[in-house]
2 protein chains.
Amino acid sequence: MTNGTVAMGRPTLEQVAQHAGVSRATVSRVVNGSPTVAEPIRAAVERAISELGYVPNQAARSLVTQRTDSFALILPEWTTRVFSDDQLFPGVIRGVGQEMEAADKQLVLMLAGSAASHDRIERYALARHVDGVLIASMHGADPLPGTLARMGVPVVCGGRPLGRARVPYVDVDNVNGARQAVRHLLDTGRSRIATIAGPQDMVAGIDRLTGYREELRDSDRRSIVAVGDFTRDSGAVAMKQLLQDDPQLDAVFVASDLMANGAIRVLREQGRRVPDDVAVVGFDDIELARYTEPALTTIRQPIDGLGREMARQLLRLAGGETIPDQVVLPTELVVRASA
Amino acid sequence: MTNGTVAMGRPTLEQVAQHAGVSRATVSRVVNGSPTVAEPIRAAVERAISELGYVPNQAARSLVTQRTDSFALILPEWTTRVFSDDQLFPGVIRGVGQEMEAADKQLVLMLAGSAASHDRIERYALARHVDGVLIASMHGADPLPGTLARMGVPVVCGGRPLGRARVPYVDVDNVNGARQAVRHLLDTGRSRIATIAGPQDMVAGIDRLTGYREELRDSDRRSIVAVGDFTRDSGAVAMKQLLQDDPQLDAVFVASDLMANGAIRVLREQGRRVPDDVAVVGFDDIELARYTEPALTTIRQPIDGLGREMARQLLRLAGGETIPDQVVLPTELVVRASA
DNA sequence: CTGAAAGCGCTTACAG
DNA sequence: CTGAAAGCGCTTACAG
């Protein structure tokens, strides 16, 4: 059996100071790497620290420094979606993690699937548990970023926030990416170009549909739209609907690679050859895009880069620097076999 | 442009007290829901709180309470593995999250892929950023749980920790689960039973191999072993090797469903019918098991339940209660089509 | 280069 | 039921 009540062993600065025969100020200086400590004293203090197993109390430290050296990445999603085979989240997390590690900051991940956890996270950030917050994958006009920013918590969003809150963000050029995709289809002689859009409560879903519409309008083509939710299955369902709505379609721009994967499966099941009968362009360029049959022509977005840029901006903001209201990263057409 | 330097707006308890014309103690009582505050006073304080937008400073509060009301779940893995299509992690996270939510505690997730991040997390926990720590998916004899426990940080491991550290843990009965699998194969008349074991630096890999060996030894059969790393591809590679080592094998116990999925693919490619020529039993019972072709007979482990139980034990430990050194959850044979 | 002292923003016995 | 006061464990000007 293990007992929760501990032998009250945690040594304090005070005890280290006594043990080493110096003042608390000196121990503090050694702990914080101040260069103004004489070598023999430093050595003595360091010995005391390791003998006692001293670790500074973070609460006491942040109370005076007003820093915690840790940052939160908030994903307002259920685990189910975050841990799907959509490789978007891991990419962003990896990018953020790299930058935080380089800056020697601790990254904490918080998933907020329910309204209750969403609230608790707000309190957590407002209580200054972290020096700043990154919010990605927002749905609708989430008030969280605005609330935190208004209360003085440094916040950077991943993806343009919907709603009126003016919070700095890093995003990918979704509109132009979608236009690139459609332009490629037009350039390769397609005429009836449908789209499987992403969820319309997320900015990536909205903007990619906008780009699709804009490009078609500029060339006087009509839109044929079905909406999915970025999952593979929703892509399959949407593809079936499109084929029913317009059996003549000869191309489809799908707003995510995972949905494109589902769509291609349906096309094959219904006897349409890709790209001969129907050309398919995806969006994301996740690893899967190289392994679909046929390999997927898609719009590459810099997923890790998005995470890295978000972290960089947040670190600057938390450091008191002025940062741009928005950073928009470019996308790139990657031509493979499907279009 | 957004500027990091804030209007220094964060109000303190002191300011709320002045605003409401009461003492700090009274404000503190209201904030903490003490029942001994007269109704009109409480109302006045609450008005002041909301007018000023007051949120208690967590550092100051934990400095005196010695609590933070948040707990960490540490996964010593790279994002790549955590976010693979192995649905084990999300299940554990979901289970832990549910219990923490019920207890109104904040859960923070920390991934420790690198040695540097592993160290930073140790400092994080020792600095009392959290009231306790859950560690799952450990590799080898990770010193982290022992170190934290020794320093008085409440720790509960998911999976029996290797090495000599005596840290309380919650685990699944891997040995017996493997025995159930092998017994089922024996009972259904199989005689040359191979195994694809999990990684031998993880307790789930080790124990499932032990169970396999024990059950075969008890019935005087010899073992035929290949080792994978719990990924689908490693299951495929291992299956090829087994078929080469012993072309006569008529059954294989695979230590994870994902590896089993890879193994079945190889069996089919090599013209072996499942289960007619080779019976396959997996382990985990993730959702995929129902959708493989044929559907997978497997050993169900309570994945969410593991997470929930870990959280429950940790909450009790952090609350000063005495908890058992180990809690071992039972597994269950689920018979489908593959064996 | 080092120490005494103030102070960060809270909570909590202790009086009243 | 409420307030004055001590104290949680640090950091950081300020002297010397």
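Chain naming here is simple, since letters A, B, ... match the order of the sequence lines and numbering starts at 1 in each.
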Heavy-atom donor-acceptor pair, A/R47 side chain to A/A20 backbone, under 3.5 Å:
no
Determine, for A/R61 against A/D69, whether the closest basic-nitrogen to carboxylate-oxygen distance falls under 4.0 angstrom.
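Not counted as a salt bridge, because no side-chain N and carboxylate O are separated by less than 4.0 Å.
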Between [X] and [N], does any side-chain N or O lie under 4.0 Å from OP1 or OP2?
X: A/T12; N: D/dG9; value: no
X: B/T26; N: D/dG3; value: yes
X: A/S23; N: C/dT2; value: no
X: B/N32; N: C/dT11; value: yes

Checklist line | Touch class at under 4.0 angstrom, heavy-atom based, for B/V37 against every strand present | finding: sugar-phosphate
Nearest-Å distance, [atom1] ([X]) to [atom2] ([N])?
X: B/R67; N: D/dG9; atom1: CZ; atom2: C1'; answer: 17 Å
X: A/E14; N: C/dG3; atom1: CD; atom2: P; answer: 13 Å
X: B/N57; N: C/dT11; atom1: CG; atom2: P; answer: 10 Å
X: A/Q66; N: D/dT11; atom1: CD; atom2: P; answer: 13 Å

My understanding is that only one of A/V108, A/L107, A/L73 makes a side-chain contact (heavy atoms from CB on, under 4.5 Å) with A/M100; could you say which?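 One option only clears the test, and that one is A/L107.
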So CD of B/Q106 and CG of B/D131: to nearest 0.5 Å the spacing works out to 12.0 Å
Item to check | salt bridge (Lys or Arg N to Asp or Glu O under 4.0 Å) against B/E309, all qualifying residues, sequence neighbours excluded | outcome: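 For B/E309 the salt bridge (Lys or Arg N to Asp or Glu O under 4.0 Å) partners, ignoring immediate neighbours, are B/R312.
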Tabulate protein N/O versus nucleotide N/O from nucleotides 13-16 of chain C, keeping only pairs under 3.5 Å, one per line.
| from | atom 1 | to | atom 2 | distance (Å) |
| --- | --- | --- | --- | --- |
| C/dA13 | N6 | B/R29 | NH2 | 3.2 |

